[in-house]
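These values consider heavy atoms only, across backbone and side chains, with no hydrogens, waters or symmetry-generated copies.
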Amino acid sequence: QVQLVESGGGSVQAGGSLRLSCAASGYIISDNRNCIGWFRQAPGKEREGVADICLDGRSTVYANSVKGRFTISQDNARNTVYLQMDSLKPEDTAVYFCAAAPNGGNWDLVSTWGAWGQGTQVSVSS
C-alpha cells in the first residue's frame, strides 16, 4: 500500500522560502517507472500541477508559473521528494499535495496518479 506524507508547509512573507517534503512508503521513488508529482489547490480554484520528477530524478517538469522559483528533487536514501520554493508570491498560497504515478502521470488526468498525500498548507502574505 502506497502512503505519502507531506510536511514543511507554513506561513511566510512574499519573497520568502519554504521546503516541502513528501515521504513515501510502499513506493520506491528511485524506480525508473515511478514518478512523484506536486500539486496545489487554492480556495475556489481547481487543483493544478506544479512539478513532477521521474526516471530516478533525471526528468523534471515545472508549471510555467513556478519555473525558476521552485525546484523539485529527491533523496533516494530517505525515499523522499522535496519541493524547494523560493521567491514565494501571495498567489502561491494553496494546499500542496504530493502524488505517486507508477509508469508516469498526466497532470490533467487524476486517474493516472494512484496515491495522494493529505496535503500541507502554504500561506504567503504580501
Legend entry - Exercise: do Y82 and R19 side chains pair donor with acceptor under 3.5 Å: no

Inset, instruction - Any chance you could measure I53, atom CD1, to S59, atom OG, to the nearest 0.5 Å? - result: 8.5 Å

Legend entry - Y27 side chain vs N34 backbone, donor-acceptor pair below 3.5 Å: no

Inset, instruction - Measure the spacing between OG1 of T93 and NZ of K45 and express it to the nearest 0.5 Å. - result: 10.0 Å

Inset, instruction - Say whether F97 and I36 are linked into one hydrophobic cluster, either directly or through other cluster members, by side-chain heavy-atom distances under 4.5 angstrom. - result: no

Legend entry - Exercise: identify the closest heavy-atom pair between A115 and V2: CB-CG1, 3.7 Å

Inset, instruction - If the plane angle is over 60° it's perpendicular, under 30° parallel, otherwise tilted; pick one for W113 and F39. - result: perpendicular

Inset, instruction - Look at the side chain of E6 and the backbone N and O of Q118, then say whether any donor-acceptor pair between them is shorter than 3.5 Å. - result: yes

Legend entry - Interatomic spacing from CG in N79 to CD1 in I28 - rounded to 0.5 Å: 5.0 Å

Legend entry - Atom pair CZ (R69) and OH (Y62), whose distance is rounded to the nearest 0.5 Å: 12.5 Å

Legend entry - Smallest separation among heavy atoms of A14 and P90, with atom names: CB-CD, 4.1 Å

Inset, instruction - Indicate yes or no: at least one non-hydrogen side-chain atom of R58 is less than 4.5 angstrom from one of N32. - result: yes

Legend entry - CD1-CZ distance between I29 and R78, expressed to the nearest 0.5 angstrom: 11.0 Å

Inset, instruction - Report the C-alpha distance between L83 and M85 in whole Å, list the side-chain angles of each, state the deciding distance to 0.1 Å, and finish with yes or no for side-chain contact (heavy atoms from CB on, under 4.5 Å). - result: CA-CA 6 Å; L83 186 68; M85 306 186 296; 3.9 Å; yes

Legend entry - Side chain proximity check, R40 to R47, heavy atoms < 4.5 angstrom: no

Legend entry - Pairwise side-chain contact, V50 with W107, heavy-atom cut-off 4.5 Å (strictly under): no

Legend entry - Side-chain H-bond candidate by donor/acceptor type, D56 with Q74, under 3.5 Å: yes

Legend entry - C22 and W38, any side-chain heavy atoms less than 4.5 Å apart: yes

Inset, instruction - Working to the nearest 0.5 Å, report the span between CG of L88 and OG of S125. - result: 10.5 Å

Inset, instruction - Look at the side-chain heavy atoms of Ile, Leu, Val, Met, Phe, Trp and Tyr, link any pair under 4.5 Å apart, and say whether L18 and F70 land in one connected group. - result: yes

Inset, instruction - Taking T112 for its side chain and N106 for its backbone only, find out whether a donor-acceptor pair lies under 3.5 Å. - result: yes

Inset, instruction - Please check if V66 and V122 belong to a single hydrophobic cluster, counting links between Ile, Leu, Val, Met, Phe, Trp and Tyr side chain heavy atoms closer than 4.5 Å. - result: yes

Inset, instruction - Flag yes if V95 and V124 sit in one hydrophobic cluster, no otherwise; membership is Ile, Leu, Val, Met, Phe, Trp, Tyr, and two members link when side-chain heavy atoms are under 4.5 Å apart. - result: no

Inset, instruction - State, without any angle test, whether S17 and D86 hold a side-chain donor-acceptor pair at a distance under 3.5 Å. - result: yes

Inset, instruction - Please report the C-alpha distance between L20 and T120 in whole Å, then the side-chain angles of each, then the deciding distance to 0.1 Å, and finally whether the side-chain contact (heavy atoms from CB on, under 4.5 Å) criterion is met. - result: CA-CA 8 Å; L20 305 183; T120 185; 4.0 Å; yes

